[in-house]
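Take a look at the structure set out below.
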Amino acid sequence: MNLKAYLSETIDIALVSLGFPKKLITVERPKNPDFGDYSCNIALTIAKEAKQKPIQLAEKIKKVLILNEDWVSQVSVTPPGFINFTATDNLYQSFVYDIISQKINYGKTELGKGISANVEFVSANPTGPLNVGHGRQAVLGDTIANILEWHGYDVKREYYYNDAGRQMRILSESVAARYFMEIGKITEFPEDGYRGEYIRDIAKNIIENHGNDLEKDDSIFLNVAEETIFQDIKNTLSFLDIHHDTFINEKSFYESGAIEKILEDLSSENLIYEKDNATWFKATSVGNEQDRVFIKSSGEPTYRLPDTAYHRNKFERKFDWIIDIFGADHVDTFPDVLAALKALNYDINKVKVCIHQFVTLIKDGEKVKMSTRRGDFVTLKDLTDQLNKDVVRYFFIMRSMNSHLNFDLDLAKDQSEKNPVFYLQYAYARICNTIRYAEKSKAIFNNKFDSSLLCHPSEIDLIKTLSQFSEMMKNVLDTLEPQNISTYLQTLATKYHKFYTDCRIVSSDHQLTNSRLNLILAVKFVLSSGLRILGISSPERM
RNA sequence: GCCCCGGUAGCUCAGCUGGAUAGAGCAACAGCCUUCUAAGCUGUGGGCCACAGGUUCGAAUCCUGUCCGGGGUACCA
């Protein structure tokens, strides 16, 4: 039963009967519970055209409303002209039956049925270990994928990497340099090389397995480095329970001719020109700020060209929805790719780009300074070595991606009540424990319960929160802002703990006990769904 | 210079597709365990929602400008 939709319709009918023109009706939940459960501002919005005072208009509308008394217990008008509705306890109580019957499917939709979505995230080049920023992106991307799956979308998690450009060449040179330094042939390390300790490890490994008489440009350096680093990346992601369905590399677009095809097609649209020995894309003619180089004077393409080929490839694979998760350092890169695709007549409305801001690590109350050059940056692996998966995932998802994230290592490490993850998990564990207790004490616990017994304010409040779950999940789909889930779960846990404190669940009153056990079972389903979408485990005991 | 993100309680942040009295956690202080897990609950204090204009019946939310912080502005990715 969707009360919101019901109220909209009912108000609509009332307006027609009063002779007002059709108008979009919005029904919202007021923040202040004194104003009931739902509230409508229609009288305020039409007051001007109707040339009447909003408050009188609201009264008029209220008078002609025909509402089902089983669902709405009270209608009131408050200044400046809101019409407020209070749902019956009965209506809320009925949610408990809904949840109990749908179990962990409660709140799921089929909005995405038959729709395919490609979610690209992490996409770090295999030149070194993942950093904490990648961690944020990894969790964000995986959670967004989970949200889509929840709504029935057919989701592919994708990882794209550049294995053809400058960076990989530098990687190869860095490993080769360490190799020759290890065997004493050279002493100089390249100025722009990767200095991390992992490069030395790879070099040592090559000496062990391939001897010490390799040539400087042997492909072994790159191959072993790429494989080793990729394995490391996958292990780190796997610790966070993140698994990509597809890995796509830049090279394949050269091999398939897709890169050339882009140039040809853009050329025929007159969007490619030569200047200063380089090949340019005329981004300005499709509304962007400046033209961009697609092929450098050295003959090497910039990342924009293969990226465009890659995104065209996503269109060619017939994805209905293409979601890119990028870090803030990429803000300037995608508009050109989108412009090129638009010029090639692709519907870029299908592409949704999610940009997340940076992550700062806080330790002992201070920012941890990180430098890739010095090689003393904190990697994602460092983080996962110290913290469990649930904590890492939660800390990365609990803030809006638009905000800078301060990752407080001390709070994350804290195994006490201060840690917000445990608050959620504790609610779940408490439920499990109570259910075990009920079973042990042979309490009656079946689905023939009387929900009208659940009338304590804490019970009604808890049920109201439960009833908002599907609305929240729908909103998260529209906005792709997963932090709303963690905010919601915090609220739900709070209401549960409050209820637990106020109401004895297993008691000598068998009817009430059964009803309350069903209520906490409903909470268990919703908590478990929410945690699962966030990729956080639901512990039976703590 | 230009572009993007942010500026909300002492700290970290929700709320931002306009609604009524701006929320949470942490920190501080005061309480609650012979009863299903106190990793919990209750209470107190704490705010010119950066600033200034504008739009509106109504602005933390939208628009403009200013200031502060972060990122970008490459023939790096």
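When the side-chain nitrogen and oxygen atoms of Gln290(A) are compared with OP1 and OP2 of C3(B), none of them lie within a distance under 4.0 Å. Proximity of Thr26(A) to the phosphate of G18(B): no side-chain N or O atom is located under 4.0 Å from OP1 or OP2. Phosphate contact (OP1/OP2 of C76(B), side-chain N/O of Lys296(A), threshold under 4.0 Å): present. At A38(B), one or more side-chain N or O atoms of Arg430(A) fall inside 4.0 Å of OP1 or OP2 (strictly under the cut-off). An OP1 or OP2 oxygen of C75(B) is reached within less than 4.0 angstrom by no side-chain nitrogen or oxygen of Asn277(A).
Protein atom OH of Tyr500(A) is 12 Å distant from nucleotide atom C1' of A39(B), rounded to whole Å. For the pair Asn402(A) CG and U8(B) C1', the interatomic distance rounds to 16 Å; values are reported in whole Å. Put simply, CD on Glu481(A) is 7 Å from P on G15(B), counting in whole angstrom units. Following rounding to the nearest Å, Asp291(A) (CG) and A74(B) (P) show an atom-to-atom distance of 13 Å. Atom pair Lys275(A):NZ and C75(B):P shows a separation of 10 Å (rounding to whole Å applied). Residue Tyr310(A) contributes atom OH, which lies 17 Å from atom P of A77(B) at whole-angstrom precision.
Ring geometry for Tyr159(A) versus Tyr161(A): interplanar angle over 60°, hence perpendicular rather than tilted (30 to 60°). Tyr310(A) and Tyr160(A) have parallel rings, their planes meeting at less than 30° on a 0 to 90° scale where 60° marks the start of perpendicular.
Between the side chain of Ser297(A) and the base of C75(B), at least one donor-acceptor pair of N or O atoms lies under 3.5 Å. You won't find any donor-acceptor pair under 3.5 Å spanning the side chain of Asp502(A) and the base of U42(B), going by distance alone.
For G6(B), the paired base is C68(B) (Watson-Crick or G-U wobble, both distances below 3.5 Å).
A salt bridge links Asp324(A) to Lys314(A): at least one charged side-chain nitrogen sits closer than 4.0 Å to a carboxylate oxygen. Between Glu300(A) and Arg169(A), at least one side-chain N (NZ, or NE/NH1/NH2) sits under 4.0 Å from a carboxylate O, which counts as a salt bridge. Under 4.0 Å is where a charged nitrogen must lie from a carboxylate oxygen, and between Lys282(A) and Asp291(A) no such pair does.
With distances taken from any side-chain atom of Asp329(A) to the nucleotides C75(B), U73(B), A77(B), the minimum falls on A77(B). In this structure, the nucleotide among G72(B), A39(B), C36(B) sitting nearest to the side chain of Met542(A) is A39(B).
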Base, backbone or nothing for each nucleotide of nucleotides 19-35 of chain B, written B, S, -, heavy atoms under 4.0 angstrom, 5' to 3'? BBB----SS-------S
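Among the atoms of the strands shown, none is found under 4.0 Å from any heavy atom of Cys432(A). The residue Gln483(A) sits close only to the backbone: its heavy atoms come under 4.0 Å of sugar-phosphate atoms, none of a base.
Ser537(A) and Asp390(A) form a side-chain donor-acceptor contact under 3.5 Å, judged by distance and modelled atom types alone.
Ranked by how close their nearest RNA chain B nucleotide is to the 5' end, Gln167(A) and Ala328(A) are led by Ala328(A). Judged by closest nucleotide on RNA chain B, Phe499(A) is the one of Ala493(A) and Phe499(A) placed further toward the 5' end.
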